[in-house]
Structure formats: C-alpha cells, structure tokens
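Below you'll find the structure, written out as structure tokens, and then a few comments.
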Amino acid sequence: MSLRIVVCVKYVPDATGDRHFAEDLTTDRESVDGLLSELDEYAVEQALQIADEADSEDGAEITVLTVGPEDAKDALRKALSMGADKAVHVEDDDLHGTDALGTSHVLAKAIEKTGYDLVVCGMASTDGTMGVLPAMLAERLGVPQATLLSEVSVENGTVTGRRDGDAATEQLSAQLPAVVSVTDQSGEARYPSFKGIMAAKKKPVESLDLDDLDIDADEVGLDGAWTKVEDAAERPPRSAGTVVKDEGDGGKQLAEYLAGQKFI
Amino acid sequence: MAEVLVYVDHVDGAVRKPTLELLTLARKLGDPVAVHLGPNAEEAAKTLGEYGATRVLAADAAEFADYLVVPKVDALQAAYDAVSPAAVLVPSSAEGKEIAARLAVRIGSGIITDAVDLDASDEGPVATQSVFAAAFTTKSRVSKGTPVITVKPNSTSPETASAAGALEELSVGFGEAATGTKVTSRTPRESTGRPELTEAAIVVSGGRGVNGADNFPLIEGLADALGAAVGASRAAVDAGWYPHSHQVGQTGKTVSPQLYVATGISGAIQHRAGMQTSKTIVAINKDSEAPIFDLVDYGIVGDLFEVVPQLTEEVKTRKG
Ligand SMILES: Cc1cc2nc3c(=O)[nH]c(=O)nc-3n(C[C@H](O)[C@H](O)[C@H](O)COP(=O)(O)OP(=O)(O)OC[C@H]3O[C@@H](n4cnc5c(N)ncnc54)[C@H](O)[C@@H]3O)c2cc1C
Ligand SMILES: Nc1ncnc2c1ncn2[C@@H]1O[C@H](COP(=O)(O)O)[C@@H](O)[C@H]1O
C-alpha cells in the first residue's frame, strides 16, 4: 500500500497586509487578502520530498487538508500546484470562530476519515502563531508526535528527524503512524511550475461539512469555543523618534543618546 | 486560597528566569504550586519557595529525557489531578506550548498561548496577548474548563515572596503514548557566556547588512561592551552567518528588552513581530527609507562598519 501522507495547511491573512479583527473579535478573514501560510509551504515541501523517497512500492499519496472559509481553497490549490495529489476542504458556516481545541477536533476527524500513515504540519500558523495544533492532533489521534523538525525522513515505517530546541539539539525517532511538524529551517519550499499550476486545476478537491465528520455544531464555532477574546486594541504607534544622518560622529551621537537613557 | 499549578523550566535543577516570572504572575491568581520534573528538585525547591511556591511537586524518571513531551504531560496531568488547581501556567517555550496543548486536550480545557500578562477576575484569569506582529493587544479568557495558559519570557520582573516551598513527591504513571517518540541523541547547546537572548535587558542584533559571518564579531563586540545578548535576522541566519537559536522574529525568539539595537536590519514585519515590544529601539542602517526607522527611538542613517566600531569604543570609554 502506498504511504498516505496528510498535510495540514492553513489559509491565513497576508502578514504584509493590514491584519485586524472583525466585530465579533475573530480574525478578519473576509476583507483582507489571504494566502497559504508560508510556514505550511515547508510542510508541503517536506511531504513532497518524503513522497519522492518513499520506499513502499506504490510510492506515496499526498492529501492536503484545510479547515477554513471558502477562500481557503486558494491555499489548497497552491499546495496542489506544488505537487500534492488531492485535497480535502472542511467548510461549514458553523465553523466560524472555532479556536485551537475545536480546530484540532475537526482536523483529527477529517484526518481519520481520509486515512493516513503520516500527518505533516507547519510549525505554527502565521496568524494565530500558537504552534499547538500538531501536538493536539497527536494527542487526539493517539499517535506519536515528532514535532518542530528541521530535518525529517521516513524509512521502513519509522520517521526520524532533528529538533533544534532552546537548550539542545535532539534526534527523534517514532513509528508510523505519526504526526510531524517541520520548521522553516527544513529547506526552501519549491515554487509551483507552470505545469504544476495547470495540473492542479484537474486534481480532486473534496468538500466536507460538519455532518460528514459527525461533529455537532455546538462543539465548534465561536459559541463552542473554549476561549474567549474579550478585547482587542490596536497598539498605539510608537512615537516618532530621532533619526540622524551619520556625518562621521554617528557612533558618538548614539553613545550620547544611550548614556542619556542610562544604558551606559 | 485557590492553588495555581506552575510548570517549572530548569536546567538540572537551576530554575530558569521565566519560571520565576511565572510564579510572580501566579500569585495574582492564587497560591503557586510548582511542578518540577527531572533531577535536583531539592535545589530547585529552595528557589521556588523564595519566589512564592507553597508546594513543590517533584518527580524524576528516565522517561522525561528519553522520550519527547508526552511523559511530561503525564506528570503534569498527575499534578493536575492531585491539586485540582484554578489554573495551569506553563512557560511559553516550544516544548512548554506542546505540553500545555496536550494537557488542554486531555482535561478538556481551553488554552491561551504567549500571554504577556495575567490578571485575576471574577470569571477567572484574564490573559493579555500581543498579536498580529504586536499590532494589537488582546485580552482573553478561557471560558471552558481549567485555564491552561502559557506565558512569554520577560512578561514581568520576578519578585521574591517567601513561601514554604514544601517538597512533595509526585507519583506518575506513564501511559502507553509516553514512549511513542524516542529521543535518540541530545547535544546541549554550548553556552556563549552572554546573557540569554529572551532574558537579556539589552539585545544587539545583526542582519543582512553585516555581510558575512566574519563580520559578526563586530556585533558581538558591541554586545559585550553593553553587556547584551546577540540576535540576528532571519536573512543573517539563513545565510549561515549566525546560529538559528539567535534568530529574532516570528519564527525565532520574541524579545522584549529594555534596549534593542538593530544593525543592518531592514525591519520586515516578521522581524518586527519578535522585537516590536522592546522598550527602547535603536537602529543603524544605511538606507534612510528602511522600515525599521518607523519604530526607532533613535536611529543613525549610516554605514554600520563605521558607526558600530565608533559606538563600541565610545561605550567602552564611557564605562571606563
Ligand atoms: C513565514 C516567514 C517567517 C519569517 N520569520 C522571520 C524571523 O523570525 N525573523 C526575521 O528576522 N525574519 C523573518 N522572516 C524574513 C523577513 O521577511 C525578512 O526577509 C528578513 O527579516 C530580512 O532580514 P534583514 O533585515 O537582515 O535583511 P534585508 O531586508 O535585506 O535588510 C538588510 C538591511 O541592511 C541594510 N544595510 C546593508 N548594508 C549596510 C551597512 N553596511 N550598514 C548599515 N546598513 C546596511 C540595508 O539598507 C537593509 O535595510 C520571515 C519571513 C517569512 C515569510
Ligand atoms: N485551520 C487549519 N487547517 C489546516 N491546518 C491547520 C489549521 N490550523 C492550523 N493548522 C496546522 O497546524 C499548524 C500549527 O498551527 P497553530 O497551532 O495554529 O499555530 C499549522 O502550521 C498547520 O499545519
């Protein structure tokens, strides 16, 4: 049987654009430009490399999975054009405002329904930047987590990789099925080729709603959330500082400023 | 008074500063009960008591080092079951967030990550977060279950408050999942002798403008003169000029020092995400249009190879 890889990808507001909150204090995903989270491109890339090297005779099959609004299809298309085989889009109006605990529940259900040997995630989404979903998925699926890998490979039903932690670099090893997440140190993600973009248009995108996953609406969404944002205030812009051109004594001027601020 | 669990981050019993900050914040919510996993609990308990831990629940087992994350979750859950706390606080390290995440799923509680402040309210702790690359400040609450909250380093200054710090053994039974991911080798990071990046009062960072690994000693020289930690932009890290563990920004460390000095860094949104909340920001960049200048308290438009050596000399002279 081929190696079944599910890559979790998120559609996020463009970080270089203007990000803000909607009236209900959820992240505004409607009136802003969105895209495939750049950190999930690394996940797609590593999945493609693992698939290329898959030792099973039938190779590997990569499904990209997203939970998100209608426009999240753009993220799936991008991943398909990079080379993934098929896509699953969990889309339901009742999902609006779902938090991390709820999203992990929905993703886990969708992953189980799809069937998997390996789940590949990004290190964090660029909007929520929690970095908790992969661990939650491993917990819910009851399989090992090999997360925050900057190097990853799969051989003989075992995933191994390097995790660069705060205090140490660790080598990890776990039996499949497993959940991995990869960092932005894992290697440049490829650009979709023209051929890839054309091919992606013909690849299947399956749409699932909460009924398809046997999830009650009150387990998800803003009302079902385990957390509540009560207030969101724009940070006041920093007051304009002094900028001076170096005329040969810039270093001295800066030292003068730092001394005035009692840093020296 | 309600008890609040505080997960202890330590190196062989030496408690790290973010945990002391956590104890300080925990005291706003209740009596801190520390959870110490690994060796040298006795040594740690002294410090934890000094910073307000009434009790220190300790467990040591080979599993904590030999397998990834899950054994620690099993232990934290055992502490949770034993204490029935009002909240669970964990330092916002990569591992801390994963431990917190799995605990939240297990106990069916909401989780808030990367809080920068905590306050008590009638409806439980309110967490302050800095989001969208620090463009917004939010207040959130866990609305279901026992709040599980991870708190960023440097969120408050640690304050002592003598408490018993009574050492108690925590008995932990490991589940089947505990041995799922084996740590087959571990290479500790070498100490640079400089302050820890996330804990430092001053950070001096270098970017693409530093133009080579060979020039980074220039940045280190300034850092040493100021007693600062050294940071780097992703461009400098990706080029191989400085180790990734020093990267500041969205996919690196978040720093919030008293003083941040950016040299040869343009100030891209992903870099700003990691340093925007610094108290004072200073930049040296030869491009007057660089976005970093929008953030600065004081900026020098100039060549860092001229400005930095002069600044370093001047700092040394003034410090005597
Ligand atoms: C998902 C994602 C995550 C990211 N995460 C991070 C992150 O965590 N941290 C991070 O830093 N970046 C991150 N980035 C990258 C970020 O977008 C920028 O590419 C990066 O910060 C640029 O680094 P830089 O400022 O050093 O380089 P540049 O943008 O190239 O800027 C170099 C600056 O140096 C100046 N300069 C050149 N020579 C000199 C000289 N002799 N003297 C003075 N000034 C000089 C130039 O004028 C220029 O402004 C991320 C990007 C993405 C997409
Ligand atoms: N809505 C989503 N749909 C699919 N995958 C997601 C979603 N949210 C998060 N993920 C995955 O989980 C990783 C970590 O996300 P987070 O914990 O939200 O920072 C991301 O890099 C994705 O791989």
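As the structure is a computational prediction, the values presented were derived from the model and not from experiment. Chain identifiers are assigned alphabetically (A, B, ...) following the order of the sequence lines, protein sequences preceding nucleic acid strands; residue numbering begins at 1 within each chain.
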So for [X], is it side chain, backbone, both, or neither that comes closer than 4.5 Å to the heavy atoms of chain A?
| X | result |
| --- | --- |
| V142(B) | both |
| A135(B) | backbone |
| K279(B) | backbone |
| T277(B) | both |
| V131(B) | side chain |
| Q250(B) | side chain |
| L68(B) | side chain |
| V261(B) | neither |
| K286(B) | neither |
| V69(B) | side chain |
| S109(B) | backbone |
| Q247(B) | side chain |

Looking at chain A, which one of [options] has the largest number of heavy-atom pairs inside 4.5 Å, strictly under?
| options | result |
| --- | --- |
| Q258(B), E176(B), E196(B), Q270(B) | Q258(B) |
| R234(B), E95(B), Q129(B) | R234(B) |
| T150(B), T187(B), V11(B), V70(B) | T187(B) |
| I284(B), D303(B), I269(B) | I269(B) |
| H244(B), E313(B), Q310(B) | Q310(B) |
| L259(B), I111(B), V315(B), I281(B) | L259(B) |

Which atoms of [X] are under 4.5 Å from chain B, going by heavy atoms: the side chain, the backbone, both sets, or neither?
| X | answer |
| --- | --- |
| M130(A) | both |
| E247(A) | neither |
| R162(A) | neither |
| L133(A) | neither |
| T160(A) | neither |
| H105(A) | neither |
| L101(A) | side chain |
| D164(A) | both |
| L25(A) | neither |

Residue, of [options], that accumulates the most heavy atom pairs under 4.5 Å with chain B:
| options | result |
| --- | --- |
| S173(A), G248(A), A174(A) | S173(A) |
| A225(A), A124(A), G131(A) | A225(A) |
| T183(A), D246(A), T169(A) | T169(A) |
| L39(A), T147(A), V159(A), L258(A) | T147(A) |
| Q175(A), K245(A), E234(A), Q253(A) | E234(A) |

Side-chain touch [X]/[Y], heavy atoms, less than 4.5 angstrom:
| X | Y | answer |
| --- | --- | --- |
| I149(B) | P125(B) | yes |
| L149(A) | L172(A) | yes |
| V183(B) | Q171(A) | no |

Looking at [Y] and [X], is there a salt bridge between them, counting it only when a charged N and a carboxylate O are closer than 4.0 Å?
| X | Y | answer |
| --- | --- | --- |
| K97(B) | D114(B) | yes |
| E41(A) | R190(A) | no |
| E170(A) | R186(B) | yes |
| D99(A) | K228(A) | no |
| K109(A) | E219(A) | no |

Within the distance-only criterion (no hydrogens, no angle test), does the side chain of [X] pair as donor or acceptor with the backbone N or O of [Y] below 3.5 angstrom?
| X | Y | value |
| --- | --- | --- |
| D216(A) | D218(A) | no |
| T181(B) | Q145(A) | yes |
| R163(A) | A146(A) | no |
| R29(A) | G68(A) | no |

Verify whether one side chain among T137(B) and S130(B) offers a donor that lies under 3.5 Å from an acceptor in the other.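 No donor-acceptor contact under 3.5 Å links the two side chains.
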
Ring pair (Phe, Tyr, Trp, His ring centres under 6.0 Å) between F263(A) and Y257(A), worked out: CA-CA 9 Å; F263(A) 288 116; Y257(A) 171 78; 7.8 Å; no

Please determine which of D127(A), T126(A), D40(A) meets the side-chain hydrogen bond (donor to acceptor under 3.5 Å, both in side chains) test together with K10(A).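 Exactly one candidate clears the test, D127(A).
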
I'd like to know whether E98(B) forms a salt bridge (Lys or Arg N to Asp or Glu O under 4.0 Å) with R102(B), so could you lay out the CA-CA distance, the side-chain angles of the two residues, the decisive distance to 0.1 Å, and finally the verdict. CA-CA 6 Å; E98(B) 294 188 330; R102(B) 296 188 73 131; over 6 Å; no

Can you see whether F64(B) has K72(B) sitting over its ring - NZ or CZ less than 6.0 Å from the centre and within 45° of the normal?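 Judged by the rule (NZ or CZ under 6.0 Å from the ring centre, within 45° of its axis), K72(B) is not positioned above F64(B).
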
What do the steps show when you test D14(A) against R19(A) for salt bridge (Lys or Arg N to Asp or Glu O under 4.0 Å), and what is the final call? CA-CA 7 Å; D14(A) 186 351; R19(A) 292 183 292 181; over 6 Å; no

